[in-house]
Amino acid sequence: MADVQVRAVDRIDTGPRFTEADAIRLNRMFRGTETLEMLSSVLKSGAAGDVAVVSSFGAESAVLLHLVSRIDPGIPVLFLETGKHFPETLAYRDELIARLGLTNVINLTPDEADLAKKDESGLRWSYDPDGCCEIRKVKPLAKALAGYDATITGRKAFQAATRANLPRFEIDVTDAQGRLKINPLIDWTAEDLAAYIAEHDLPPHPLVAEGYPSIGCSPCTTKVAPGEDPRSGRWKGWDKTECGIHVPGKPDADDGELPPGYDPVF
């Protein structure tokens, strides 16, 4: 009787792209490694798969973008064009793109249907900042990141207590498939950043000199007094420290209408 050939069953790998064990391994592997060397190794080896940089083009963004541009100026850089930025931020974005030779900056915009349904007035930031961030930042970024295995962020430990103990490599808890999050500047100090900016003659964000050490959307960003937490000017007066990109955001409300009798304060 002829041998029967058993066909192997095709299987699709539905497991996570990265696990906590992978993050731990990478943190150990690159412990003590200089930042540019670590980034170069990760990007050139493909160890993190398809990678995108998430940048606000804010107060200290030039440092990370300069580091990445030295390795690969064509790496995708995702910018959330919320429609609420300072004009200075948009001009600074364009200046850095030209200065650093970035060739793949992708502007992410909110879904028009979401805006029409949940923020038709454009004032949701004034009574529901979590919901505003959900529409203008969290959802557009989540959609864009579906095609990437890892993201590079510009977070630093000194910026806020919520970032004080973050590692270089971590798992993005907002992604069910185990996207890797890389924080190459997490152990940099303000002095390290200033020295790098001076060494490479990088242009500063124009609002830093006016008292804005952390810059987000204009309605939710205020000046910071000397000695205050650099991010204390973000969502001032609200129990909110992150936009929802780096921590799971709160679900948005059912609609974008102003509450009855609400008088927005500008």
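Only this structure's heavy atoms are used, side chains among them; waters, hydrogens and symmetry mates stay out.
The closest side-chain heavy-atom distance from Tyr92 to Pro206 is below 4.5 Å. Here the side chains of Thr151 and Arg179 are in contact, with some heavy-atom distance below 4.5 Å. The shortest side-chain heavy-atom distance between Thr153 and Val53 does not fall under the 4.5 Å cut-off. Side-chain atoms of Arg155 and Leu166, non-hydrogen and from C-beta on, do get closer than 4.5 Å to each other. The side-chain heavy atoms of Leu64 and Ser55, taken from C-beta on, include no pair separated by under 4.5 Å. Side-chain contact between Phe57 and Leu65 is present, with at least one heavy-atom pair separated by less than 4.5 Å. Contact of the Leu102 side chain with the Ser69 side chain is registered, since non-hydrogen atoms from C-beta on lie closer than 4.5 Å. In this structure, Asp192 and Val63 have side chains that are not in contact, with every pair of non-hydrogen atoms separated by 4.5 Å or more.
In this structure, the side chain of Ser126 engages the main chain of Leu123 through a donor-acceptor pair within 3.5 Å. Using modelled atom types, no side-chain atom of Asp50 and backbone atom of Asp149 make a donor-acceptor pair closer than 3.5 Å. For Asp94 (side chain) and Ala98 (main-chain N/O), no donor-acceptor pair under 3.5 Å exists by modelled atom type.
Closest heavy-atom contact between Pro213 and Ala59: O-CB, 3.1 Å. When all heavy atoms of Ala116 and Glu120 are compared, the closest pair comes out as O-CB, 3.5 Å. Nearest heavy atom pair, residue Ala150 against residue Ile182, reads CB-CD1, 4.4 Å. Shown here for Ser61 and Gly58, the closest heavy-atom pair between the two residues is OG-N, 2.7 Å.
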Just list the side-chain donor-acceptor pairs under 3.5 Å for residues 73-88, sequence neighbours left out, or say none.
unit_1	atom_1	unit_2	atom_2	d
Glu81	OE1	Gly83	N	3.0
Thr82	OG1	Lys84	N	3.1
Lys84	NZ	Gly122	O	2.7
His85	NE2	Leu80	O	2.7

List, one per line, each side-chain donor-acceptor pair under 3.5 Å for residues 24-31, sequence neighbours excluded.
unit_1	atom_1	unit_2	atom_2	d
Asn27	OD1	Arg168	N	3.3
Asn27	OD1	Phe169	N	3.0
Asn27	ND2	Ala23	O	3.0
Asn27	ND2	Phe169	O	2.9

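Among residues two or more places apart in sequence or in another chain, the side chain to side chain donor-acceptor pair (under 3.5 Å) test is passed with Ser56 by none. The side chain to side chain donor-acceptor pair (under 3.5 Å) test applied to Asp72 returns no partner, not counting sequence neighbours. Not a single salt bridge (Lys or Arg N to Asp or Glu O under 4.0 Å) links Arg93 to another residue, sequence neighbours left out. The side chain to side chain contact (heavy atoms under 4.5 Å, CB included) search around Glu34 returns Leu36, Glu37, not counting sequence neighbours. Residues meeting the side chain to side chain contact (heavy atoms under 4.5 Å, CB included) test with Arg99, sequence neighbours left out: Asp201, Pro203. By the side chain to side chain donor-acceptor pair (under 3.5 Å) test, Tyr196 is found to be paired with His66, Arg70, residues two or more places apart in sequence or in another chain being considered. Applying the side chain to side chain donor-acceptor pair (under 3.5 Å) criterion to Thr35, with sequence neighbours excluded, gives Trp188. When the side chain to side chain contact (heavy atoms under 4.5 Å, CB included) test is applied to Glu112, the partners found at least two apart in sequence or on another chain are Leu115.
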Stepwise side chain to side chain contact (heavy atoms under 4.5 Å, CB included) test for Ile152 and Leu39
CA-CA 9 Å; Ile152 298 174; Leu39 272 175; 3.9 Å; yes
Does Val51 form a side chain to side chain contact (heavy atoms under 4.5 Å, CB included) with Leu180? I'd like the steps, not just the answer.
CA-CA 9 Å; Val51 182; Leu180 187 68; over 6 Å; no
Please lay out, stage by stage, how Leu100 and Leu202 fare under the test side chain to side chain contact (heavy atoms under 4.5 Å, CB included).
CA-CA 9 Å; Leu100 303 179; Leu202 298 177; 4.2 Å; yes
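For the residue pair Thr89 / His205, a side-chain donor-acceptor distance below 3.5 Å is found, with atom types taken as modelled.
Going from atom NZ of Lys181 over to atom CD of Glu170 covers 5.5 Å, rounded to the nearest 0.5 Å. To the nearest 0.5 Å, atoms NZ (Lys156) and CG (Asn183) are separated by 10.0 Å. We find the CG-CD1 distance between Asp114 and Ile135 to be 6.0 Å, quoted to the nearest 0.5 Å. Rounding to the nearest 0.5 Å places CG of Asp111 at 9.5 Å from NZ of Lys118.
Under a 4.0 Å N-O distance rule, the pair Lys139/Glu134 does not qualify as a salt bridge. Ion pair Asp119/Arg124 not flagged as a salt bridge, since none of the NZ, NE, NH1 or NH2 atoms sits closer than 4.0 Å to an Asp/Glu carboxylate oxygen.
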